[in-house]
Amino acid sequence: MKTTDIIVIGGGITGSATALGLVKEKAGKVLMFDSQLPTQRLSRANFGLTWFMCKGGGSSTYAQWCRNACRQWPEYAAELEDETKMNIELEWTGGALHAFGEEQLQAHAASVEKLTGICGEVGLDYPVSVLDRQQFSELVPKMQLGEDVSGAMYTPQQGHVNPLKLLGAMRKAFQLRGGEFIGNQNILEIIPNGNTVTVKTKDEEYSCNKLVVAAGHGCERLLFPLGYKLNVYPQRGQLLVTERCERKLPFPLLAVRQTQDGTYMIGLSTEDVAHDIRVTPQAMQQQAQNAIRIFPELASVNWVRAWGAIRVMTPDGAPIYDNLPNHPNIYVMALHSSVSLNPMHTSVVAPWILDGKNAEALSPFSNGRFNV
């Protein structure tokens with residue numbers, strides 16, 4: 001049996017950010033396993049937003065968590081790029097959520113007012129404005145707005161990133177700092193042994209002092225035999241990608257963004273279809289129609305590929321950070337918005353796993369909050 005200090009199961013964006021944080025904290029020998037080959041990640045279907053706007057309306061703790069994550073993003077990205085010499089294509093250009101009609105614009109205004117108050121309670125700024133149609137149009141001078149667009153909510157302090165390059169950079173930084181990544185390794189079983197945990201793979205057995213399970217919906221399969229029911233459910237999201245075009249869109253919208261190579265990514269679908277990742281003509285049509293309703297010129301752009309992926313959703317939308325009641329050296333992370341929250345997993349969650357720091361800040365995100 002091989003021995004190590006900490007094992008992270010799950011080499012996606014959440015697991016990689018946490019593993020990176022652990023080696024930064026000098027956690028000893030850290031192994032990160034992933035069941036897929038490095039090129040076969042669901043991160044390819046991620047929209048790539050570094051976003052806090054309109055998140056956490058039902059949870060003040062989550063709203064503040066998202067805002068703090070975005071405040072860290074520019075410095076976090078600069079440090080990651082400097083260490084790895086990789087361009088993760090962060091564009092800190094702002095972001096907007098369009099509104100169709102006056103009623104939706106007023107709903108945006110109410111949301112901004114509420115979230116400004118929530119963040120203000122703990123001394124956080126919430127730099128979001130509600131723009132009328134003319135103000136919004138002036139921010140996208142090369143794009144003609146559709147006639148139904150009444151305005152938008154907008155902030156200059158968020159942006160978007162290439163999720164695949166982000167994932168690659170985090171894995172590289174993790175390994176540069178001494179971490180070991182093992183891909184194409186399916187985890188068969190977790191066996192607690194008091195102060196240690198045994199992890200069985202298809203090839204080997206490993207013993208560790210602490211185990212972090214950040215395997216998306218795979219967490220349920222691994223933890224259920226230990227008597228732990230994780231409160232998550234699957235939600236399919238689909239997106240489509242267009243041909244390369246002249247760059248005109250200066251910042252991302254929640255439903256449309258333009259990448260550095262000129263392609264438009266169009267998304268914003270939510271479907272309860274269990275674990276079916278297939279793309280559907282109905283969703284593609286709906287999303288295309290929505291994008292064209294915002295920017296009519298997109299009707300003449302060719303759609304070249306599409307993806308479907310399964311989000312990890314919780315009943316209240318906020319993340320789960322927890323350790324198992326009967327096995328306190330086993331930790332679990334389950335969440336949506338892994339890109340946006342990425343800096344928090346490195347700077348806050350990893351120290352909590354290592355030595356209990358930040359426990360008070362993370363306690364509202366325990367799995368037990370749903371046991372009422």
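Please read all numbers here as calculations on a predicted model, not as lab measurements. Below, each value reflects all heavy atoms present in this structure, side chains not excepted, and no hydrogens, waters or symmetry copies.
With rounding to the nearest 0.5 angstrom, the OG atom of Ser35 is 6.0 Å from the CG atom of Asn186. In this structure, Leu230 CG and Leu223 CG are separated by 6.5 Å, a value rounded to the nearest 0.5 Å. Rounding to the nearest 0.5 Å gives a distance of 7.0 Å between CD1 of Ile310 and CG of Asp276. Interatomic distance, Leu335 CG to Thr314 OG1, rounded to the nearest 0.5 Å: 8.5 Å. Here the straight-line distance linking atom NE2 of His327 with atom CG of Leu211 works out to 11.0 Å at 0.5 Å rounding. Rounded to the nearest 0.5 angstrom, Glu25 CD and Leu20 CG are separated by 10.5 Å.
In terms of hydrophobic clustering, with Ile, Leu, Val, Met, Phe, Trp and Tyr side chains grouped at heavy-atom distances under 4.5 Å, Val213 and Ile13 are assigned to different clusters. Residues Ile353 and Phe181 fall within the same hydrophobic cluster, defined by Ile, Leu, Val, Met, Phe, Trp and Tyr side chains chained together at heavy-atom separations under 4.5 Å. A continuous path of hydrophobic side-chain contacts links Val199 to Leu31 [ILVMFWY only; heavy atoms under 4.5 Å]. When hydrophobic clusters are built by joining Ile, Leu, Val, Met, Phe, Trp and Tyr residues whose side-chain heavy atoms come closer than 4.5 Å, directly or via intermediates, Leu254 is not grouped with Met143.
Donor-acceptor pairing under 3.5 Å is recorded for the side chains of Gln238 and Thr280. Judged purely by distance below 3.5 Å, without hydrogens or angles, the side chains of Thr346 and Lys24 never pair a donor atom with an acceptor atom. A side-chain donor from one of Gln134 and Glu138 sits under 3.5 Å from a side-chain acceptor of the other. Residues Tyr228 and Asp322 bring a donor and an acceptor atom of their side chains to less than 3.5 Å of each other.
Note: Phe251 and Tyr154 have tilted aromatic rings, judged against thresholds of 30 and 60 degrees for the angle between ring planes.
Around the NZ atom of Lys202, the shell of radius 6.0 Å holds more than 12 heavy atoms that belong to other residues, nucleotides or ligands. Under a cut-off of 6.0 angstrom, the local environment of CD in Glu75 is sparse, with at most 12 non-hydrogen atoms contributed by other residues, nucleotides or ligands. Within a 6.0 Å sphere centred on CD of Glu189, heavy atoms belonging to other residues, nucleotides or ligands number more than 12. For Asp261, the CG atom counts as densely surrounded, since its 6.0 Å shell holds more than 12 non-hydrogen atoms of other residues, nucleotides or ligands. Remark: Phe224 CZ is loosely packed, at most 12 non-hydrogen atoms of other residues, nucleotides or ligands lying under 6.0 Å away. The number of heavy-atom neighbours closer than 6.0 Å to CD of Gln286, taken from other residues, nucleotides and ligands shown, is 12 or below. Shown here is Arg244, whose CZ atom has no more than 12 heavy atoms of other residues, nucleotides or ligands within 6.0 Å.
In this structure, Phe33 has its ring center closer than 6.0 angstrom to the ring center of Tyr206. For an aromatic pair to be called close, the ring centres must be under 6.0 Å apart, and Trp65 with Tyr321 satisfies this. In this structure, Tyr264 has its ring center at least 6.0 angstrom away from the ring center of Phe295.
Residues Ser150 and His98 fail the side-chain proximity criterion, which asks for heavy atoms closer than 4.5 Å. Counting heavy atoms from C-beta on, the side chains of Met32 and Ile182 never come closer than 4.5 Å. In this structure, the side chains of Ile6 and Cys208 stay at 4.5 Å or more apart for every pair of heavy atoms.
Checking side-chain atoms of Gln258 against main-chain N and O of Pro252 turns up no donor-acceptor pair under 3.5 Å. A donor-acceptor pair under 3.5 Å is formed between the side chain of Thr18 and the backbone N or O of Thr14.
A salt bridge links Asp125 and Arg67; the closest N-O separation between the charged side-chain nitrogens and carboxylate oxygens is under 4.0 Å. Salt bridge annotation for Arg257-Glu89: absent, with no cationic side-chain nitrogen under 4.0 angstrom from a carboxylate oxygen. For Asp5 and Lys29, the salt-bridge test fails: no basic side-chain N is under 4.0 Å from an acidic carboxylate O.
Considering all non-hydrogen atoms of both residues, Lys248 and Lys142 come closest at CD-O, 3.6 Å. The shortest non-hydrogen separation linking Ala255 to Asn290 is CB-ND2, 3.8 Å. The two residues Gly56 and Ala63 have their closest heavy-atom pair at O-CB, 3.7 Å. The two atoms that bring Val232 and Ala334 nearest to each other are CG1-CB, 3.9 Å, heavy atoms only. Closest approach of Asp272 to Gln235, counting heavy atoms only: OD1-CG, 4.2 Å. When all heavy atoms of Ser347 and Asn358 are compared, the pair lying nearest together is O-ND2, 4.3 Å.
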Practice task
Check step by step if salt bridge (charged side-chain N to carboxylate O under 4.0 Å, His left out) holds for Arg247 and Glu91.
Solution key: CA-CA 13 Å; Arg247 289 207 70 182; Glu91 295 192 348; 2.9 Å; yes
Handout entry: Trace of the salt bridge (charged side-chain N to carboxylate O under 4.0 Å, His left out) decision for Glu83 with Lys172
Key = CA-CA 9 Å; Glu83 182 170 3; Lys172 181 176 180 180; over 6 Å; no
Exercise for the section: Give the C-alpha distance, both sets of side-chain angles, the deciding distance and a yes or no for side chain to side chain donor-acceptor pair (under 3.5 Å) between Glu102 and Gln106. Expected result: CA-CA 6 Å; Glu102 191 59 31; Gln106 291 304 314; 2.9 Å; yes
Practice task
Go through the steps for Asp316 and Arg369 under the test salt bridge (charged side-chain N to carboxylate O under 4.0 Å, His left out), then give the verdict.
Solution key: CA-CA 10 Å; Asp316 62 3; Arg369 72 185 186 268; 2.9 Å; yes
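Annotation: cation-pi pair Arg293/Phe100 present, NZ/CZ under 6.0 Å from the ring centroid and within 45° of its normal.
With respect to Thr242, the side-chain contact (heavy atoms from CB on, under 4.5 Å) criterion is satisfied by exactly one of Asn302, Leu298, Val301, Val304: Val301.
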